[in-house]
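Down below is the structure, laid out as structure tokens.
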Amino acid sequence: MAKKEAENELTAEEALAQAQKKALGDGVFVLIILGVLTFGEFIVGSVAPAWGTVLLIAALSKAFFVVRDYMHISRLWNNEEEAH
Amino acid sequence: MTAHSEVETTQTYNERLSMYRLGLWLFILSDAFVFGALFITRFYLMGGTRPDVEQGVGLIVTVILLLSSFFMNRAEIHMSFGDNQKFLRNVGITFILGLIFLIGVVGVEWRIAPFGPADGIQGAIYYTMTGFHAFHVLTGLIALAVVYNNGRKGLYTKERHWAVEAAAVYWHFIDVVWIFFYPALYLIGFAVG
């Protein structure tokens with residue numbers, strides 16, 4: 001019985017560690033996207049400054065990832081899921 | 001405290017939390033309208049031209065602010081898993097990067113810009129947009145300093161750290177605003193000569 005409880009506890013700990021690793025990994029993924037888009041913006045802005053629409057689409061894409069993954073806007077309607 | 005009252009307290013806290021979140025997002029929305037007005041004003045008044053500013057400096061400060069958002073996200077994650085040391089380290093890095101951004105814009109870019117705030121439309125637009133944003137960065141830094149200090153005292157737990165979440169969301173909002181201001185001020189259009 002005690003062994004089973006210890007095993008369950010370990011599994012819970014492992015699940016937490018995995019969840020943390022995933023959350024940190026998602027942050028890195030978003031940073032890479034932001035970096036690539038920012039560098040792309042800089043290149044476009046340097047060679048074709050009249051392409052305002054392209055630059056605004058890039059900005060909108062960057063904002064989408066920040067609002068979704070860093071600001072966690074979904075917490076507004078998923079309060080039970082991530083209560084802090 | 002009995003288990004029953006503990007559950008009740010947690011429920012009450014979660015209810016309050018959902019109200020706090022709604023309040024914060026409403027505040028952010030209202031603030032976004034002001035930034036949106038500035039953004040539209042820039043295109044209305046300058047059209048296909050942009051202020052004559054150094055694009056390299058703009059890129060550097062933008063990368064610094066994006067990095068700060070990344071570290072703030074890590075800080076919040078570490079706190080939500082109860083790791084106070086890593087939380088403090090990441091908030092500290094965020095604070096330093098935010099400070100470098102502020103110095104980069106107000107201390108460097110404002111100094112090297114070949115025009116002043118009173119030099120026509122480009123001056124008015126550039127200094128109003130960056131100045132208003134810089135003021136928000138300053139208030140964000142104050143919020144970061146407060147949560148860092150409270151974290152040092154051990155006031156947050158993985159279950160209860162609303163102030164950390166609020167400071168993080170506010171800091172990311174500052175980042176989102178700059179995501180739009182950066183192309184509007186540094187990239188779109190030909191520099192006013």
Side-chain angles (χ1 to χ4, degrees), chain A residues 13 16-84, chain B residues 10 13-15 17-18 20-22 24-25 28 43 48-50 55-56 58-59 62-63 66-67 69-74 76-83 156-166 168-173 175-177 179-184 186-191:
Chain A
E13 265 180 29
L16 265 180
Q18 273 189 351
Q20 187 177 15
K21 202 175 168 186
K22 189 190 174 301
L24 291 170
D26 288 348
V28 174
F29 175 71
V30 171
L31 181 69
I32 291 168
I33 289 177
L34 294 176
V36 169
L37 285 172
T38 303
F39 186 67
E41 278 183 320
F42 180 72
I43 299 294
V44 172
S46 304
V47 298
W51 287 11
T53 311
V54 175
L55 292 166
L56 287 181
I57 289 170
L60 275 170
S61 310
K62 286 162 69 179
F64 168 78
F65 283 106
V66 173
V67 171
R68 190 190 67 173
D69 296 319
Y70 284 177
M71 294 174 85
H72 306 287
I73 193 170
S74 61
R75 283 178 187 163
L76 271 176
W77 49 88
N78 290 335
N79 193 47
E80 296 292 315
E81 202 177 295
E82 292 183 78
H84 291 157
Chain B
T10 308
Y13 178 73
N14 286 346
E15 279 165 15
L17 191 61
S18 85
Y20 291 162
R21 281 181 178 149
L22 184 63
L24 178 67
W25 276 93
I28 282 175
F43 286 102
T49 59
R50 65 169 174 82
Q55 284 185 318
L59 178 66
T62 301
V63 169
L66 291 175
L67 271 173
S69 241
F70 168 71
F71 283 106
M72 193 63 218
N73 181 55
R74 287 177 81 85
E76 196 193 346
I77 291 168
H78 285 305
M79 178 45 72
S80 65
F81 285 92
D83 193 336
Y156 304 125
T157 63
K158 64 178 176 180
E159 292 85 12
R160 295 190 180 209
H161 54 270
W162 160 246
V164 175
E165 182 185 330
V169 169
Y170 183 66
W171 190 257
H172 297 311
F173 168 66
D175 189 29
V176 169
V177 170
I179 281 173
F180 288 100
F181 277 19
Y182 168 59
Y186 291 85
L187 301 175
I188 298 174
F190 297 92

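Any value given below was found using the heavy atoms of this structure, including those in side chains, with hydrogens, waters and symmetry copies removed. So that the names make sense, note that chain A is the first sequence line, chain B the second, and so on, each numbered from 1.
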B/D175 vs B/M72, side-chain contact (heavy atoms from CB on, under 4.5 Å): CA-CA, chis, key distance, verdict | CA-CA 11 Å; B/D175 189 29; B/M72 193 63 218; over 6 Å; no
Under the side-chain contact (heavy atoms from CB on, under 4.5 Å) criterion, do B/V169 and B/R21 qualify, and how do the steps go?
-> CA-CA 10 Å; B/V169 169; B/R21 281 181 178 149; over 6 Å; no
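The candidate with the highest count of non-hydrogen atom pairs below 4.5 Å against chain A, out of B/L22, B/I77, B/T157, B/V177, is B/I77. The candidate with the highest count of non-hydrogen atom pairs below 4.5 Å against chain B, out of A/V54, A/V44, A/L60, is A/L60.
Neither the backbone nor the side chain of A/A17 comes within less than 4.5 Å of any heavy atom in chain B. Interface remark: B/T62 contributes side-chain atoms only to the contact with chain A (heavy atom separation under 4.5 Å). If you measure heavy-atom distances from B/I28 to chain A, the contacts under 4.5 Å come from the side chain alone. For a residue to count as touching a neighbouring chain, one of its non-hydrogen atoms must lie under 4.5 Å from one of that chain's; by this rule A/I73 touches chain B with backbone and side chain alike. Of the atoms belonging to B/F70, heavy atoms from both backbone and side chain fall under 4.5 Å from chain A.
Between B/F173 and B/W25, every side-chain heavy-atom pair lies at or beyond the 4.5 Å cut-off. The closest side-chain heavy-atom distance from B/R50 to B/L187 is not below 4.5 Å. Using a 4.5 Å heavy-atom threshold, the side chains of B/H172 and A/D69 count as separate.
Residue B/P183 comes nearest to A/L55 through the heavy atom pair CB-CB, 4.3 Å, listed as atom of the first residue, atom of the second, then distance. Minimum heavy-atom separation, A/P49 to B/F190: CG-CE2, 3.5 Å. Minimum interatomic distance between B/Y13 and B/H161 (heavy atoms only, all atoms of both residues): OH-N, 3.8 Å.
Sorted by first and then second residue, the side-chain hydrogen bond (donor to acceptor under 3.5 Å, both in side chains) pairs with a member in residues 39-58 of chain A read A/E41-A/K62; sequence neighbours excluded.
Among residues 20-29 of chain A, the residues having any heavy atom closer than 4.5 Å to a heavy atom of chain B are, in sequence order, A/Q20, A/A23, A/L24, A/G27, A/V28.
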